[in-house]
Q: 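Below you will find the structure I want to go over with you.
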Amino acid sequence: MSLHTLEVARPPLSPAAGFSPAIELENVTRRFLTPDGKSMTALRDFTMTVDRGEFACVVGPTGCGKSTTLNLVTGLARPSAGEVRVMGGPVSGIHEDVGFVFQADALFPWRSVLDNVAAGPIYRGLSKARAYEKARDWIARVGLSRFEKHYPHQLSGGMRKRVALAQTFINEPKILLMDEPFSALDVQTRTLMQNELLDLWSGSGASVVFVTHDLEEAVALADKVYVLTAGPATVKSVYRIDLPRPRVMEEIRYDSAFVEQCRVIWDDLRQEVQIGQQRTLDTGH
């Protein structure tokens with residue numbers, strides 16, 4: 001693994017300042033059985049650290065184990081070897097400080113926008129009155145106050161993503177895991193949602209791990225970009241992104257520093273993409 005160190009414009013809280021990292025994966029290997037009973041290794045000797053308040057993006061070839069990494073942090077999967085720690089402690093189950101935004105909508109189709117956003121706080125023991133008060137506040141923050149009584153099927157894709165963000169941030173997660181959350185959106189809506197995410201995150205103090213196939217998205221959002229090898233995945237390189245914050249997605253893509261960082265990281269990532277493609281050709285799947 002190589003570490004490419006650039007100056008970070010908004011340094012996160014670090015262990016040196018008396019805080020343990022938000023997320024630590026140390027020499028993690030993850031194996032599982034395929035349907036035909038064979039052992040498959042998704043991650044091998046995988047090491048990653050995300051400091052508190054840091055926005056990390058993970059990029060790599062298709063099928064290299066990016067989503068597996070998130071499942072280890074949530075506790076939905078357990079390492080076959082190595083250690084996974086969240087907020088300084090070992091992961092032994094689903095951590096209450098972790099929020100997850102999926103690629104597919106995770107909204108209850110039979111509940112209104114208001115009911116969807118209020119569901120988490122109510123489940124966590126908040127009174128119904130207070131939960132709905134908070135829900136209305138978060139719905140307003142994502143610009144959907146006029147749509148409180150609408151149901152998911154009555155909303156556009158971008159609006160559903162706004163509900164999903166409100167549904168997640170209302171629980172005040174210390175760690176936010178995002179698995180290609182905007183990949184199904186059109187380009188214009190995707191850009192708007194990226195801005196929305198940065199605005200919400202900047203005031204939250206949350207640590208983020210954002211998985212994406214879009215290198216430009218990763219560089220535009222992140223403090224740090226992890227490049228994974230073709231599966232079984234390990235960390236090939238880590239790039240610190242020195243673009244200043246706050247960032248406006250419509251503008252940053254024209255910045256010469258942004259273009260150069262994308263070029264450098266793509267030269268690294270392209271090798272792994274080509275390896276993955278060749279494996280697909282060789283195996284036929």
Side-chain angles (χ1 to χ4, degrees), residues 1 22-35 38-50 54-86 91 93-95 97-107 160-161 164-165 167-168 173 175-185 190 193-194 197 206-219 221-222 224-238 265 269 272-273 275-277 279-280 283 285:
M1 180 184 75
I23 300 169
E24 299 169 276
L25 286 82
E26 185 174 341
N27 298 322
V28 169
T29 295
R30 168 63 177 169
R31 304 183 189 91
F32 59 90
L33 291 178
T34 63
K38 296 180 180 179
S39 177
M40 179 175 179
T41 302
L43 304 179
R44 177 181 293 153
D45 298 328
F46 189 101
T47 296
M48 180 173 74
T49 300
V50 180
E54 187 171 50
F55 199 125
C57 282
V58 179
V59 297
T62 299
C64 74
K66 298 184 293 296
S67 297
T68 300
T69 304
L70 299 185
N71 289 337
L72 288 165
V73 177
T74 63
L76 294 174
R78 300 181 68 85
S80 305
E83 294 185 46
V84 181
R85 293 183 291 273
V86 168
V91 175
I94 297 176
H95 201 290
D97 289 332
V98 176
F100 207 122
V101 180
F102 299 90
Q103 181 177 0
D105 293 332
L107 305 178
R160 289 195 297 272
K161 287 300 179 186
L165 290 178
Q167 189 182 48
T168 302
I175 293 173
L176 181 59
L177 307 178
M178 311 190 77
D179 193 357
E180 298 188 71
F182 307 140
S183 61
L185 302 176
R190 186 171 185 166
M193 291 310 306
Q194 291 163 345
L197 170 62
S207 306
V208 180
V209 180
F210 189 106
V211 166
T212 179
H213 280 97
D214 186 336
L215 179 57
E216 288 191 0
E217 179 175 59
V219 174
L221 292 173
K224 183 165 63 180
V225 174
Y226 280 86
V227 176
L228 306 191
T229 61
T234 191
V235 176
K236 180 181 183 181
S237 307
V238 186
I265 300 174
L269 175 60
E272 302 307 316
V273 172
I275 291 171
Q277 289 175 337
R279 286 179 182 171
T280 299
T283 61
H285 58 80

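This structure is a prediction, so every number in the text was calculated from the model and none was measured.
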Q: Taking all atoms of both residues into account, what is the closest heavy-atom pair of Val208 and Val50, and its distance?
A: O-CG1, 4.1 Å
Q: Got a donor-acceptor contact below 3.5 angstrom from the Ser80 side chain to the Arg31 backbone?
A: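 Such a contact is found between Ser80 side chain and Arg31 backbone.
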Q: Rounded at 0.5 Å granularity, tell me how far CZ in Phe55 sits from OG in Ser207.
A: 11.0 Å
Q: Can you list the residues that meet the side chain to side chain donor-acceptor pair (under 3.5 Å) rule with Asn27, with sequence neighbours excluded?
A: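 By the side chain to side chain donor-acceptor pair (under 3.5 Å) rule, Asn27 matches Thr47.
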Q: Using a 4.5 Å cut-off on heavy atoms from C-beta on, say whether the side chain of Phe100 contacts that of Pro173.
A: no
Q: In chain order, what residues pass the side-chain contact (heavy atoms from CB on, under 4.5 Å) check against Gln167, with sequence neighbours excluded?
A: Leu107, Asn116
Q: Check for a donor-acceptor pair, side chain of Glu272 on one end and backbone N or O of Ala230 on the other, with a separation under 3.5 Å.
A: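 Yes; at least one donor-acceptor contact below 3.5 Å.
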Q: With heavy-atom distances below 4.5 Å as the criterion, would you say the side chains of Phe46 and Leu228 are in contact?
A: yes
Q: Could you work out, with side chain to side chain donor-acceptor pair (under 3.5 Å) as the rule, every residue matching Arg44, not counting sequence neighbours?
A: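 Arg44: no side chain to side chain donor-acceptor pair (under 3.5 Å) contacts found.
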Q: Counting C-beta onward and ignoring hydrogens, is there a side-chain heavy-atom pair between Leu43 and Leu72 closer than 4.5 Å?
A: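 Touching, per the 4.5 Å side-chain cut-off.
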Q: Do Leu176 and Val101 come within less than 4.5 Å of each other through their side chains, counting heavy atoms only?
A: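 When only atoms from C-beta onward are counted, Val101 and Leu176 do touch, with a gap below 4.5 Å.
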Q: Would you call Val58 and Met48 a side-chain contact if the rule is heavy atoms closer than 4.5 Å?
A: yes
Q: Using the rule side-chain contact (heavy atoms from CB on, under 4.5 Å), only one of Asn71, Thr168, Val98 pairs with Leu177; which is it?
A: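 Between Leu177 and the candidates, side-chain contact (heavy atoms from CB on, under 4.5 Å) is satisfied uniquely by Val98.
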Q: What pairs with Phe32 under ring-ring contact (aromatic ring centres under 6.0 Å, His included), at least two apart in sequence or on another chain?
A: none
Q: Mind checking whether Ile23 and Glu54 have side chains closer than 4.5 Å, heavy atoms only?
A: no
Q: Atom CD of Gln194 and atom NZ of Lys161: how far apart are they, to the nearest 0.5 Å?
A: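 Result: 12.5 Å between the selected atoms.
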Q: Please report the C-alpha distance between Met178 and Leu197 in whole Å, then the side-chain angles of each, then the deciding distance to 0.1 Å, and finally whether the side-chain contact (heavy atoms from CB on, under 4.5 Å) criterion is met.
A: CA-CA 11 Å; Met178 311 190 77; Leu197 170 62; 3.7 Å; yes
Q: Distance-only, no hydrogens or angles: does the Thr234 side chain make a donor-acceptor pair with backbone N or O of Asp45 under 3.5 Å?
A: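 Present.
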Q: Output side-chain donor-acceptor pairs under 3.5 Å for residues 62-69, partner residues at least two apart or in another chain, one line each.
A:
from  : atom 1 : to     : atom 2 : distance (Å)
Thr62 : OG1    : His213 : NE2    : 3.4
Lys66 : NZ     : Gly60  : O      : 3.2
Lys66 : NZ     : Pro61  : O      : 3.0
Lys66 : NZ     : His213 : NE2    : 3.4
Ser67 : OG     : Asp179 : OD1    : 3.3
Ser67 : OG     : Asp179 : OD2    : 2.8
Thr69 : OG1    : Gly65  : O      : 3.1

Q: In the structure I gave you, are the side-chain heavy atoms of Val73 and Leu25 within less than 4.5 Å of one another anywhere?
A: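 Sidechains of Leu25 and Val73: in contact.
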Q: Any chance you could lay out the side-chain contact (heavy atoms from CB on, under 4.5 Å) test for Asp97 and Val86, step after step, and finish with the verdict?
A: CA-CA 9 Å; Asp97 289 332; Val86 168; 5.8 Å; no
Q: Where the side chain of Arg30 meets the backbone of Arg78, is there a donor-acceptor pair that is under 3.5 Å apart?
A: yes
Q: Report the residues that fulfil side-chain contact (heavy atoms from CB on, under 4.5 Å) with Gln103, sequence neighbours left out, ordered by chain and then residue number.
A: Glu180, Ser183
